[in-house]
Q: 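Starting off with a structure, shown below.
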There are 2 protein chains.
Amino acid sequence: MKTRDKILLSSLELFNERGERNVTTNHIAAHLAISPGNLYYHFRNKSDIIYEIFLEYEKLVDFYLDIPENRPMTLDDLTFYLESVFDGLWSYRFFHRDLEYLLDSDQRLREDYRQFTERCLAAIRRIFEKLAEADIIHPQPEDLRSAMSLNVWLVITNWMAYLKTAHGCEGEGELTLTHLKQGIYQVLTMEIPYLTPDYRERVMALREKYRPDIPDANGRVALAANDGR
Amino acid sequence: MKTRDKILLSSLELFNERGERNVTTNHIAAHLAISPGNLYYHFRNKSDIIYEIFLEYEKLVDFYLDIPENRPMTLDDLTFYLESVFDGLWSYRFFHRDLEYLLDSDQRLREDYRQFTERCLAAIRRIFEKLAEADIIHPQPEDLRSAMSLNVWLVITNWMAYLKTAHGCEGEGELTLTHLKQGIYQVLTMEIPYLTPDYRERVMALREKYRPDIPDANGRVALAANDGR
DNA sequence: CTATTATTAGAGTATATACTCTAGTGAGTC
DNA sequence: GACTCACTAGAGTATATACTCTAATAATAG
């Protein structure tokens, strides 16, 4: 594997593990057992590394959120979108943690990320639209759909921060992809009132599969056996 | 004013303006025209300053979210809670920006914040409960109420980050308290399906007052005259 | 007035961080 | 064999950062 790619890979790994703020270019070089000079031969600076990683993240999510227009949407589609978005969030989880700082330090990234957000929101809106077309949810006025979509986005992008900050349990409470995906439960919660009678049961069952098994804010632990995952 | 208090005040101001990561203890001292030594006479380290600021934040929000149990809840109460929470968020806006890093660097803060979150969530749940008691919203099963409350919390705490990251417009697009409070529109969006017929119109009108006047993700600008604020 | 304590200035320090510079090495090309 | 060129090592640098130390000054109590 090319040194350049190794740098990107190691950086992502270290960023995800320790947080971008705690990972220096020297750390990255040391982790790869290459010299700092070598690293700076391949990248002008740390921002450049982060930017390239963002481009990968962007490509991944754009790929997942490509909504096929030639057929109606199914519940499996919805599941796929939700799972995929959380997969992406997990793989590049360092990114949202220091988002504001990162955007402040790199204008390119700021503008790209803005457009990325817009595309994601448009995709979510389109998903709602197609869910209505498929009679899975009741149709909504455009205003409401936009506001709902934004709420979905806010919940998705903040779910991980909630898990990491609200559940202290330092040593044991390691965050996993499974925990992260329990955010799907939260997203589906918002759709409940809009479900059509035909699909209500099925969506509720789907939602149940993602019910958090960590103590909720009441200190209660859900008993649901999270089978099949 | 005591030097100690001046340090806290200046720190908060600088943190909010530039972000905690971009503000050093030397900056704070320079801003107050005192020596670094003086600053370190009053505080053991930067974390201590942040911790004390958090305690103020906590006290403020706890004060706002004290739910009176001796009378039914009104719509004015709800408005007050929403406005207050966003006021608090605004006054200590640096805090949520670097939350994960801050909690990682200070165990006390981590534990205190965890409990703070729990109290906030409990308050939100209680508000939903009392809204149902007052026949403003339909009653919900406890499960749903908990999940809804968590979503409200996620939307509230992520709204500012959304504004700061999704709306690039560097120079002009200065973030203001008014913009921030448009998050109330998003929060009320989640309650729409649960409103009782009696209150539906009134809550929708309230919500309309907070309709964002910034371009939404479609590039459209809401026309609503945001009167009276 | 004296002794003590609280407060402050300001120079200084150890370490870290992002990044640079020079001197190569080794694989291919003519 | 001379030359090129992508790639790499590793020492080095300027700056920043969190924090310390000493000495001095103001405030206060007896």
Side-chain angles (χ1 to χ4, degrees), chain A residues 1-54 94-95 97-110, chain B residues 1-54 94-95 97-110:
Chain A
M1 185 189 273
K2 296 261 187 193
T3 302
R4 187 187 157 84
D5 294 327
K6 282 199 275 188
I7 293 172
L8 287 176
L9 220 66
S10 275
S11 300
L12 177 58
E13 187 187 328
L14 292 174
F15 288 160
N16 278 340
E17 255 173 38
R18 305 182 202 170
E20 176 271 340
R21 189 168 175 176
N22 300 316
V23 176
T24 72
T25 49
N26 290 346
H27 287 144
I28 299 166
H31 185 256
L32 282 169
I34 66 172
S35 66
N38 193 353
L39 186 147
Y40 278 92
Y41 170 79
H42 290 283
F43 295 94
R44 266 210 337 256
N45 52 40
K46 196 180 172 187
S47 266
D48 264 16
I49 298 177
I50 292 164
Y51 183 67
E52 297 262 328
I53 294 178
F54 166 72
F94 86 94
F95 189 69
R97 173 173 166 162
D98 288 302
L99 187 55
E100 289 190 44
Y101 176 82
L102 297 177
L103 300 196
D104 277 351
S105 331
D106 188 337
Q107 284 307 307
R108 273 179 316 176
L109 187 60
R110 164 170 287 276
Chain B
M1 186 190 274
K2 294 260 189 196
T3 302
R4 190 188 155 82
D5 294 327
K6 282 197 277 187
I7 292 172
L8 288 175
L9 220 67
S10 274
S11 300
L12 176 58
E13 188 188 328
L14 291 174
F15 288 159
N16 278 340
E17 254 172 39
R18 305 182 202 170
E20 176 272 339
R21 188 168 177 176
N22 299 317
V23 175
T24 72
T25 49
N26 291 346
H27 287 144
I28 299 166
H31 185 255
L32 282 169
I34 65 171
S35 66
N38 193 353
L39 187 146
Y40 277 91
Y41 169 78
H42 290 282
F43 294 93
R44 268 209 340 256
N45 52 40
K46 196 180 170 186
S47 264
D48 264 16
I49 298 177
I50 292 163
Y51 184 67
E52 297 261 328
I53 293 178
F54 166 73
F94 86 94
F95 189 69
R97 173 173 167 161
D98 288 302
L99 186 56
E100 289 189 46
Y101 176 82
L102 297 178
L103 300 195
D104 277 351
S105 329
D106 188 338
Q107 284 308 305
R108 274 178 317 175
L109 188 59
R110 164 169 287 277

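The sequence lines fix the lettering, A, B, ..., with proteins before strands; numbering per chain opens at 1.
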Q: Which atom names give the shortest non-hydrogen contact between B:Ile34 and B:Thr3, and what distance separates them?
A: CD1-CG2, 4.3 Å
Q: Mind checking what makes ring-ring contact (aromatic ring centres under 6.0 Å, His included) contact with B:Phe95, not counting sequence neighbours?
A: B:Phe54, B:Tyr57, B:Tyr113
Q: Nearest 0.5 angstrom please: B:Asp104 CG to B:Leu99 CG, how far?
A: 9.5 Å
Q: Under the rule for side-chain hydrogen bond (donor to acceptor under 3.5 Å, both in side chains), what residues qualify as partners of B:Tyr40, not counting sequence neighbours?
A: B:Thr25
Q: Rounded to the nearest 0.5 Å, what separates atom CZ in B:Phe94 from atom OG in B:Ser11?
A: 8.5 Å
Q: Can you check each nucleotide of nucleotides 4-10 of chain C against protein heavy atoms at under 4.0 Å and return B for base, S for sugar-phosphate only, - for none, in 5' to 3' order?
A: --SBBBB
Q: Got a sec, which pairs hit salt bridge (Lys or Arg N to Asp or Glu O under 4.0 Å) with one end in residues 12-26 of chain A, sequence neighbours left out?
A: A:Glu20-A:Lys46, A:Glu20-B:Arg21, A:Arg21-B:Glu20
Q: Closest approach of B:Ala29 and B:Leu39, non-hydrogen atoms and distance?
A: N-CD1, 4.0 Å
Q: According to the ring pair (Phe, Tyr, Trp, His ring centres under 6.0 Å) rule, which pairs have a member within residues 20-39 of chain A, sequence neighbours left out?
A: none
Q: Let's see if you get this right: which residues in residues 14-29 of chain A place a heavy atom under 4.0 Å from DNA chain D?
A: none
Q: Hey, what are the protein-to-nucleotides 22-28 of chain C N/O distances that come in under 3.5 Å?
A:
none

Q: Identify, with sequence neighbours excluded, every residue that meets side-chain contact (heavy atoms from CB on, under 4.5 Å) alongside B:Glu52.
A: B:Arg4, B:Leu8, B:Phe43
Q: Where does the chain A footprint on DNA chain D start and end, counting 5' to 3' with a 4.0 Å heavy-atom cut-off?
A: D:dA6 to D:dG10
Q: Sequence neighbours left out, what pairs pass salt bridge (Lys or Arg N to Asp or Glu O under 4.0 Å) with at least one residue falling in residues 31-43 of chain A?
A: none
Q: For B:Asp106, which residues count as a side-chain contact (heavy atoms from CB on, under 4.5 Å) partner, sequence neighbours excluded?
A: B:Ser47, B:Tyr51, B:Arg108, B:Leu109
Q: Under a 4.5 Å cut-off applied to non-hydrogen side-chain atoms, are A:Phe15 and A:Ile50 in contact?
A: yes
